[in-house]
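Okay, so here's the structure we're looking at.
Numbered from 1 within each chain, the chains take letters A, B, ... in sequence-line order.
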Amino acid sequence: MTALDLAEADFDTDSLALLDAAQQTARALDHGYVGTEHLLLAAAQRLPEVRAALSGDGLAGPDRLTTELQRMVAAHPEWSHYIADDDALAAIGVDGPAVRAKARAEFGELFTPATPGPGMTARAANVLGQASERARADNRLVRPIDIVIGVLADGDSVAHQLVAGLGYDPAALLG
Amino acid sequence: MAINEQRLRTGSPEVGLAGVAALRRLADEIEPLHVHRAREAGWSWERIAAKLDVSKQAVHKKYAAREQKVSR
């Protein structure tokens with residue numbers, strides 16, 4: 001399993017690597033959670049097509065995204081108070097991943113966890129869950145680009161705000 | 001994530017309340033599975049409601065439509 005404790009079977013190798021990279025990105029920024037913004041930053045660092053879409057006109061690349069994100073986080077101190085569900089559960093003595101593992105073992109595909117792993121925000125989890133559902137409907141695995149499209153399509157996500165704040169139209173970015 | 005780990009160790013009200021809220025969300029993830037299992041085993045809404053310690057109306061309102069969708 002990856003550190004994010006996802007239903008790995010739904011994600012291709014590159015997607016799993018992207019999720020690990022997002023966690024590393026969050027850790028490097030000393031953010032105590034993995035949000036849509038970290039998924040986007042990891043994608044900008046790892047995926048040539050995303051990097052090209054963001055930096056094709058010279059306006060933004062991963063470094064500019066990181067700088068803008070740090071500015072946004074500084075302007076929203078409440079974000080740093082975010083406590084991921086599994087961390088909060090552990091703090092009161094409940095092993096969330098163990099409960100989900102038991103549910104997954106007993107109920108299989110009927111079980112759709114709302115929080116796929118330690119440190120992930122509910123919004124990021126939702127994006128991954130939806131990407132997983134779409135891929136399953138198409139009888140394929142989740143690809144990295146599915147994750148990027150998901151984070152940008154969510155108008156309330158920090159990733160969306162991050163890109164919009166830099167002057168891009170998130171919906172048109174990867175169109 | 002040194003900052004977060006430090007906060008989690010302090011046993012603050014913030015962390016405890018976040019834990020309670022997360023526990024509710026975790027229950028919301030698990031409850032539908034067991035309601036579904038009970039329905040498949042032929043349990044009535046009334047019996048399920050009694051086990052969950054809620055009213056029959058509440059459990060029916062929450063799950064009836066979902067159960068119809070799953071069983072189609």
Side-chain angles (χ1 to χ4, degrees), chain A residues 3-5 7 22-35 38 73 77-123 125-126 129, chain B residues 1-54 56 58-72:
Chain A
L4 292 172
D5 189 29
Q23 197 166 54
Q24 288 165 22
T25 300
R27 195 174 294 130
L29 292 168
D30 202 20
H31 295 169
Y33 56 92
V34 178
H38 305 108
V73 170
E78 72 278 10
W79 290 358
S80 66
H81 295 166
Y82 180 86
I83 301 170
D85 273 10
D86 283 346
D87 289 339
L89 287 169
I92 60 168
V94 177
D95 188 342
V99 173
R100 291 192 191 87
K102 170 80 172 164
R104 194 175 291 121
E106 275 197 48
F107 294 96
E109 286 191 0
L110 275 180
F111 175 58
T112 50
T115 51
M120 185 158 284
T121 64
R123 190 173 296 282
N126 191 43
Chain B
M1 299 183 190
I3 292 174
N4 216 35
E5 285 169 10
Q6 191 178 356
R7 286 169 58 223
L8 290 170
R9 277 198 300 267
T10 58
S12 70
E14 180 195 13
V15 172
L17 292 172
V20 173
L23 196 55
R24 287 204 187 99
R25 284 189 285 273
L26 185 62
D28 286 341
E29 288 180 41
I30 306 300
E31 186 181 273
L33 301 169
H34 291 278
V35 169
H36 178 64
R37 174 182 278 173
R39 289 295 292 173
E40 285 205 320
W43 282 40
S44 67
W45 289 115
E46 193 167 16
R47 189 176 174 196
I48 293 170
K51 270 292 172 198
L52 290 175
D53 205 16
V54 296
K56 178 187 165 186
V59 76
H60 189 266
K61 185 179 175 187
K62 194 171 177 182
Y63 291 111
R66 189 185 312 195
E67 281 300 303
Q68 276 183 345
K69 200 173 163 186
V70 171
S71 57
R72 263 182 212 146

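Only the side chain of I30(B) comes within contact range of chain A, with at least one heavy atom under 4.5 Å from a heavy atom of that chain.
Taking CG of D86(A) as the start and CG of L26(B) as the end, the distance is 8.0 Å to the nearest 0.5 Å.
Taking each heavy atom of L89(A) and G19(B) in turn, the nearest pair found is CD2-O, 3.9 Å. Taking each heavy atom of A103(A) and L33(B) in turn, the nearest pair found is CB-CD1, 4.0 Å. Closest of all the heavy-atom pairs between A22(B) and A88(A) is CB-CB, 4.3 Å. When all heavy atoms of V15(B) and A91(A) are compared, the closest pair comes out as CG1-CB, 3.3 Å.
Within a 6.0 Å sphere centred on CD of E46(B), other residues, nucleotides and ligands contribute 12 heavy atoms or fewer.
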